[in-house]
Structure formats: structure tokens, C-alpha cells
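Read the structure below first, then the notes.
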Amino acid sequence: MRDILPVNGVFEMMQLPAEMEHVGVVSAMTLSFHHGKHLKAYVDNLNKLLPGSGLENLPISEVIKRSTGGLFNNAGQVLNHVMYFEQFGSKNHEPQGKIKEMIERDFQSVENFKKEFEQKGATLFGSGWVWLSANADGHLVITQEVNANNPVVNGLVPLLTFDVWEHAYYLDYQNRRADYLSALWQIVDWQVVESRL
Ligand code: MN
């Protein structure tokens with residue numbers, strides 16, 4: 001489980017992995033707005049809303065589970081984006097070992113899994129996220145989460161996510177959300193995904 005702890009009551013802005021600037025699937029301009037403007041605003045808003053909430057100094061997963069309204073939305077979007085940006089890189093682009101076995105057990109094949117994941121991302125109405133998570137039985141599930149929601153709310157362990165808010169792809173792919181989704185597999189680092197089990 002990837003969680004984030006506040007430092008002296010403050011959630012810090014993550015650095016974008018240097019490799020992300022060279023990945024090409026999303027442009028430098030998209031990355032600069034997505035990370036530098038959108039995520040930055042969620043981090044700033046979260047830190048403004050935390051004091052006095054009674055949830056200071058908790059891990060972000062607990063803030064998400066115990067909050068509503070603006071605090072929930074901003075905490076959710078911080079965890080969602082950190083997990084999204086961290087899972088990309090320049091290596092390990094095919095699942096191996098344990099995570100590959102789990103995918104083949106629960107989705108028949110990696111190819112079937114990718115098809116189902118892309119389909120759930122493409123058909124999510126409005127803004128949100130498509131997630132791969134592990135459930136309490138250790139099985140893998142794909143869920144559509146609207147707006148800022150995160151699978152931890154439903155007791156799942158979130159592993160992999162594609163952002164389908166328009167700000168994630170519109171500068172590069174315009175309305176072609178499905179093309180953006182199928183391109184993202186080229187930059188997923190599956191070792192990062194497996195480390196979240
Ligand atoms: Mn986003």
C-alpha cells in the first residue's frame with residue numbers, strides 16, 4: 001500500500017521523476033501543467049484545509065477515509081496523482097513475477113487485463129480514475145472511481161491508476177481518451193506497481 005505521511009503536519013509536493021520528461025507519451029507541456037499546476041493546487045488546498053480538521057498528522061489514506069467535501073477532494077487528488085506520476089518510468093514495462101501471475105489468474109492474460117482496464121477508463125463518464133487494486137482476499141479488481149475518489153475508501157489496496165480527467169490528456173490527445181489510455185502502457189513501471197501490494 002502506497003501511503004503518504006505529513007511532515008510536521010504538512011504534506012509536501014512530490015518531485016516529478018526525472019525520467020518522466022523523456023517519456024513522450026504525454027508531452028512536457030501536459031506534464032508541466034498536470035504536475036506543476038493541478039497537483040500543486042491540490043497539495044496547497046489540502047494543507048490549508050487540514051489545520052483544525054482533527055485529522056492533522058494522519059497518513060493521507062486515513063484523511064481520505066475520515067473526511068468529506070473539500071478536504072476529501074484535495075486529499076484524494078493528492079494520493080491519486082502521487083500514485084499516477086510515481087508509477088511511470090523508463091523500465092519494467094511488462095509485468096513480471098508475482099504481479100504477472102496474479103493478473104493471469106484473475107484476468108486470464110495480461111492482454112485481456114489491459115483491454116478491460118482501457119475499456120473501464122474509456123467508459124467512465126465525466127472526470128475520474130480507473131484503478132487496479134487488490135481486495136481483502138488478495139484478488140485483483142478493476143474499478144472506476146469518480147472525481148477524487150480512491151479505492152482505499154472501499155477497503156481495497158490501490159496498485160495502478162490511469163487519470164481520465166481531461167487535464168491529463170486534452171493538450172495531447174484532445175477527445176481521444178482511448179488513444180491516451182492505450183499509450184500509457186508504454187511507460188508503466190510494473191516494479192513500482194508490484195511494490196504497492
Ligand atoms: Mn490529474
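In each ligand, atom 1 is the first atom listed, and ligand 1 is the first ligand listed.
- Between the side chain of Gln77 and the backbone N or O of Ala148 there is no donor-acceptor pair closer than 3.5 Å.
- Using a cut-off of 4.0 Å between Lys/Arg side-chain N and Asp/Glu carboxylate O, Lys114 and Glu118 are scored as not salt-bridged.
- Proximity of the aromatic rings of His38 and His81 is defined here by a centroid distance below 6.0 angstrom, and this criterion is not met.
- Put simply, Val130 and Val141 are part of two different groups of oily side chains (I, L, V, M, F, W, Y) that touch within less than 4.5 Å, one to the next.
- For the Mn ion (ligand 1), the neighbouring protein N/O/S atoms at less than 2.8 Å, given as residue and atom, are His34 NE2, His81 NE2, Asp163 OD2, His167 NE2.
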*Report the C-alpha separation of Gln144 and Thr123 in whole Å, then their side-chain angles, then the decisive distance to 0.1 Å, and conclude whether the side-chain hydrogen bond (donor to acceptor under 3.5 Å, both in side chains) test is met.*
CA-CA 9 Å; Gln144 295 173 320; Thr123 57; 3.2 Å; yes
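- Aromatic rings of Trp185 and Phe162 (six-membered ring for Trp) have centroids within the 6.0 Å cut-off, being under it.
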